[in-house]
Amino acid sequence: MKKSLKQWIGIGTTAFIAATVVAGCGSTTNTAQPSTQPSAGAAATANAKPYAGKTISLVTANHPWADAIKPLLPDFEKETGIKVNVESFFEDQLTQKLTVQFTSGSATPDVFMYRPLQEGKLFYKNGWVQPLDDYAQKAKDYDFNDFSKSAIGSTTVESKLAGIPIITEQEILYYRKDLLQKAGIAVPKTMDELTAAVKKLHDPKNDMYGFVARGQRSPLVTQVSSFLYSEGADFTTGEKASINTPEAVKAFTTYGTLLKDFAPPGVLNMSWPQAFGIFAQGKVAFLTDANSLYQNATDPAKSKVADQVGFAVFPGGKAGSKPYSITSWGLAMNAKSGNKDATWAFIQWATSKDVVLKTQQKGNPGARASVWDKPEGTTGFPAELVPIIKESAKTGVDHDRPTVISVGEARDAVGEIVQKVMSGETNIQPVADKANQALQTIMDKDKTR
């Protein structure tokens with residue numbers, strides 16, 4: 001740990017100052033090439049802890065990643081001399097706190113957890129986050145290219161790196177291995193195969209349902225996104241809303257029909273806790289949702305079918321299998337932080353290969369390919385799930401909702417289409433056209449904010 005930490009100290013600062021690069025990275029200026037051997041000055045700087053006496057503030061969500069990183073902080077503080085003050089909040093409280101502080105121009109927190117696809121565009125548009133492109137690209141031994149392309153896509157706004165990924169997730173297919181085996185059904189690889197299998201296993205008279213997923217208007221949007229992409233559609237195309245195309249309508253109709261015809265009663269009011277809950281009771285054959293929630297299906301304390309749960313890559317549609325593969329949580333730097341170099345030192349350490357390995361071993365799915373390729377990097381996950389995660393990350397799309405500032409309004413517009421299908425509406429095109437106009441209005445409004 002000590003060797004790696006010394007490599008991280010101060011590495012990113014050369015993008016902003018012509019300074020000595022410490023801890024064995026050599027001496028460099030804006031024009032000179034780094035030395036291959038540490039200079040006496042560099043060694044002295046490292047021993048002196050260049051950030052000694054600095055204090056940075058970190059705000060986290062009440063999240064397993066935060067629980068995993070906190071015990072590691074003493075190592076970082078010892079090696080860098082940086083004191084890290086931590087505060088943690090529930091998700092909604094976190095967003096409120098950050099918004100209030102940033103609106104007032106506060107220089108704290110220096111670094112914070114955030115949800116790139118929920119708040120990222122708003123935070124960036126308001127100038128609240130420091131772009132990290134130069135820091136990440138020029139940091140020696142950081143290996144920025146090790147992060148998955150889709151994860152970085154989630155944290156990129158207007159071609160600028162607004163944050164660094166710390167938690168990723170993809171949509172996958174959960175299924176009952178015992179039911180498929182008994183019925184002689186192969187694991188579905190396409191949407192047509194999934195639909196056929198769902199129909200065959202649907203037996204409501206015996207309290208068995210073919211399929212379940214999120215049915216609530218706003219929560220369902222993230223999960224229907226994979227249906228959308230796999231049909232070759234998206235929420236937007238360039239600057240235009242595109243949720244009324246034939247491909248989009250087909251995707252929404254498929255998702256809505258599966259829930260209307262083959263889901264348990266009450267699905268219109270289900271978000272992920274209810275969907276996983278009824279799957280875990282052993283009453284459903286198939287479920288599509290985030291891989292990050294797998295323990296709700298596999299934990300014997302929560303699930304009656306824990307030993308019969310299988311995982312599969314999201315079934316392919318017309319465009320193949322294109323699940324969302326996103327950064328659900330990232331780390332960002334306050335644009336008004338007075339300790340940017342020390343803050344970057346922390347971000348670089350917290351998202352380094354060594355630390356990602358440690359947090360991932362605690363069950364926090366990170367974004368570094370090299371960690372997923374290490375056997376010790378996958379010990380926090382079921383062996384059967386690991387190849388599904390790796391494959392999904394390679395083919396996945398970097399967003400799971402419309403990438404707009406007014407995310408809540410946009411999700412309601414999209415969700416309305418699916419709920420109309422679930423309610424039995426047969427002519428969906430006019431509904432999709434109306435929703436598309438609503439989404440376009442939201443997008444146009446965002447341009448003036």
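Note that the structure is predicted; figures quoted are calculated from it, not measured. Sequence positions, counted from 1, serve as the residue numbers for this chain.
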Trainee: Should we say atom NZ of K54 is surrounded by more than 12 heavy atoms from elsewhere, each under 6.0 Å from it?
Mentor: no
Trainee: To the nearest 0.5 Å, what is the distance between CZ on R176 and CG on L287?
Mentor: 12.0 Å
Trainee: Taking all non-hydrogen atoms of both residues, which atom of E247 and which atom of A233 are closest, and how far apart?
Mentor: CB-CB, 3.8 Å
Trainee: For the pair R217 (side chain) and D412 (backbone), establish whether a donor and an acceptor sit closer than 3.5 Å, ignoring hydrogens and angles.
Mentor: yes
Trainee: Would you find a donor on one side and an acceptor on the other, under 3.5 Å apart, between the side chain of T359 and the backbone of V356?
Mentor: yes
Trainee: Ignoring hydrogens, what is the shortest heavy-atom contact between P402 and V221? Give both atom names and the distance.
Mentor: CD-CG1, 4.2 Å
Trainee: Checking side-chain polar atoms at under 3.5 Å, does D446 have a donor or acceptor matched by the opposite partner on S406?
Mentor: yes
Trainee: Tell me if a side-chain donor or acceptor on S154 pairs with a main-chain N or O of D398 at a distance below 3.5 Å.
Mentor: yes
Trainee: Do the ring centers of W344 and Y142 come within less than 6.0 Å of each other?
Mentor: yes
Trainee: State which residues pass side chain to side chain donor-acceptor pair (under 3.5 Å) with K390; sequence neighbours excluded, sorted by chain then number.
Mentor: D373
Trainee: Indicate whether any N or O donor in one side chain lies under 3.5 Å from an N or O acceptor in the other, for T60 and K70.
Mentor: no
Trainee: Using the side-chain contact (heavy atoms from CB on, under 4.5 Å) rule, take Y209 and V267 through it: C-alpha gap first, then chi angles, then the decisive distance, then the call.
Mentor: CA-CA 11 Å; Y209 301 89; V267 70; over 6 Å; no
Trainee: Within the 4.5 Å heavy-atom criterion, are I172 and S392 side-chain neighbours or not?
Mentor: yes
Trainee: Is the backbone N or O of G377 less than 3.5 Å from a side-chain atom of Q360, with the two atoms forming a donor-acceptor pair by type?
Mentor: yes
Trainee: Name the residue from E391, Q170, E171 that meets the side chain to side chain donor-acceptor pair (under 3.5 Å) definition with S325.
Mentor: Q170
Trainee: Can you check whether Y174 and F311 have ring centres sitting under 6.0 Å from each other?
Mentor: yes
Trainee: Whether the S225 and D400 side chains hold a donor-acceptor pair (N or O, under 3.5 Å, no angle test) is what I'd like checked.
Mentor: no
Trainee: To the nearest 0.5 Å, what is the distance between OG1 on T108 and CG on N334?
Mentor: 7.5 Å
Trainee: For E119 and T95, test the side chains for any donor-to-acceptor distance below 3.5 angstrom and give the result as yes or no.
Mentor: yes
Trainee: Looking at every heavy atom in both P131 and Y135, which two are closest together, and how far apart are they?
Mentor: O-CD1, 4.3 Å
Trainee: Answer yes or no: is there a side-chain heavy-atom contact under 4.5 Å between F286 and L258?
Mentor: no
Trainee: As a test of understanding, state which of I243, V414, I417 forms a side-chain contact (heavy atoms from CB on, under 4.5 Å) with N436.
Mentor: I243
Trainee: Is the shortest heavy-atom distance from the side chain of Y324 to the side chain of R401 under 4.5 Å?
Mentor: no
Trainee: Looking at side-chain heavy atoms only, is the closest gap between Q274 and I278 below 4.5 Å?
Mentor: no
Trainee: Measuring from L259:CG to Q223:CD, what's the distance to the nearest 0.5 Å?
Mentor: 11.0 Å
Trainee: Looking at S57 and D110, would you say the former's side chain and the latter's main chain have a donor-acceptor pair under 3.5 Å?
Mentor: yes
Trainee: Are there more than 12 heavy atoms of other residues, nucleotides or ligands under 6.0 Å from atom CD of Q181?
Mentor: no
Trainee: Within the 4.5 Å heavy-atom criterion, are E384 and V309 side-chain neighbours or not?
Mentor: no
Trainee: With side chains defined as the heavy atoms from C-beta onward, is the minimum distance between F276 and S303 less than 4.5 Å?
Mentor: no
Trainee: When rounded to the nearest 0.5 angstrom, what distance separates NZ in K322 from CG in L228?
Mentor: 12.5 Å
Trainee: Hey, is the main chain of P219 close enough, under 3.5 Å, to the side chain of T222 for a donor-acceptor pair?
Mentor: yes
Trainee: Side chains of I69 and W65: does their closest heavy-atom pair fall under 4.5 Å?
Mentor: yes
Trainee: Tell me whether the count of non-hydrogen atoms from other residues, nucleotides or ligands lying under 6.0 Å of NZ in K447 goes above 12.
Mentor: yes
Trainee: Taking all heavy atoms of L220 and all of Y255, pick out the closest pair and write down the distance.
Mentor: CB-OH, 4.0 Å
Trainee: Check the angle between the aromatic planes of F102 and W128 and answer parallel, tilted or perpendicular using the 30° and 60° thresholds.
Mentor: tilted
Trainee: Are the side chain of Y229 and the backbone N or O of H399 linked by a donor-acceptor pair below 3.5 Å?
Mentor: yes
Trainee: Which pair of heavy atoms, one from V212 and one from A275, lies closest together, and at what distance?
Mentor: CG1-O, 3.8 Å
Trainee: Hey, could you give me the CG/CH2 distance between N296 and W272, rounded to the nearest 0.5 Å?
Mentor: 4.5 Å
Trainee: Given the rule in the side-chain contact (heavy atoms from CB on, under 4.5 Å) test, do Q96 and F89 qualify, once you have shown the distances and angles that lead to the verdict?
Mentor: CA-CA 10 Å; Q96 291 171 6; F89 300 89; over 6 Å; no
Trainee: Got more than 12 heavy atoms from elsewhere within 6.0 Å of NZ, K336?
Mentor: no
Trainee: Check for a donor-acceptor pair, side chain of D146 on one end and backbone N or O of R368 on the other, with a separation under 3.5 Å.
Mentor: no
Trainee: Within the distance-only criterion (no hydrogens, no angle test), does the side chain of W372 pair as donor or acceptor with the backbone N or O of V386 below 3.5 angstrom?
Mentor: no
Trainee: Given L94 and V59, is the side-chain contact (heavy atoms from CB on, under 4.5 Å) satisfied, shown in steps?
Mentor: CA-CA 8 Å; L94 173 63; V59 167; 3.1 Å; yes
Trainee: Rounded at 0.5 Å granularity, tell me how far CD1 in I167 sits from CZ in R115.
Mentor: 14.0 Å
Trainee: Quick check: closest heavy atoms across I82 and E77, and the distance to 0.1 Å?
Mentor: O-CG, 3.0 Å
Trainee: For N291 and I388: C-alpha separation, side-chain torsions, deciding distance, then whether side-chain contact (heavy atoms from CB on, under 4.5 Å) applies.
Mentor: CA-CA 9 Å; N291 58 352; I388 306 304; over 6 Å; no
Trainee: Got more than 12 heavy atoms from elsewhere within 6.0 Å of NZ, K189?
Mentor: no
Trainee: Answer yes or no: are there more than 12 heavy-atom neighbours, outside E416 itself, under 6.0 Å from its atom CD?
Mentor: yes
Trainee: With a 4.0 Å cut-off on N to O distance, would you call D143 and K353 a salt bridge?
Mentor: yes
Trainee: If only atom types and distance count, is the side chain of S150 paired as donor or acceptor with the main-chain N or O of I326 below 3.5 Å?
Mentor: no
Trainee: Is any side-chain heavy atom of Y114 closer than 4.5 Å to a side-chain heavy atom of V129?
Mentor: no
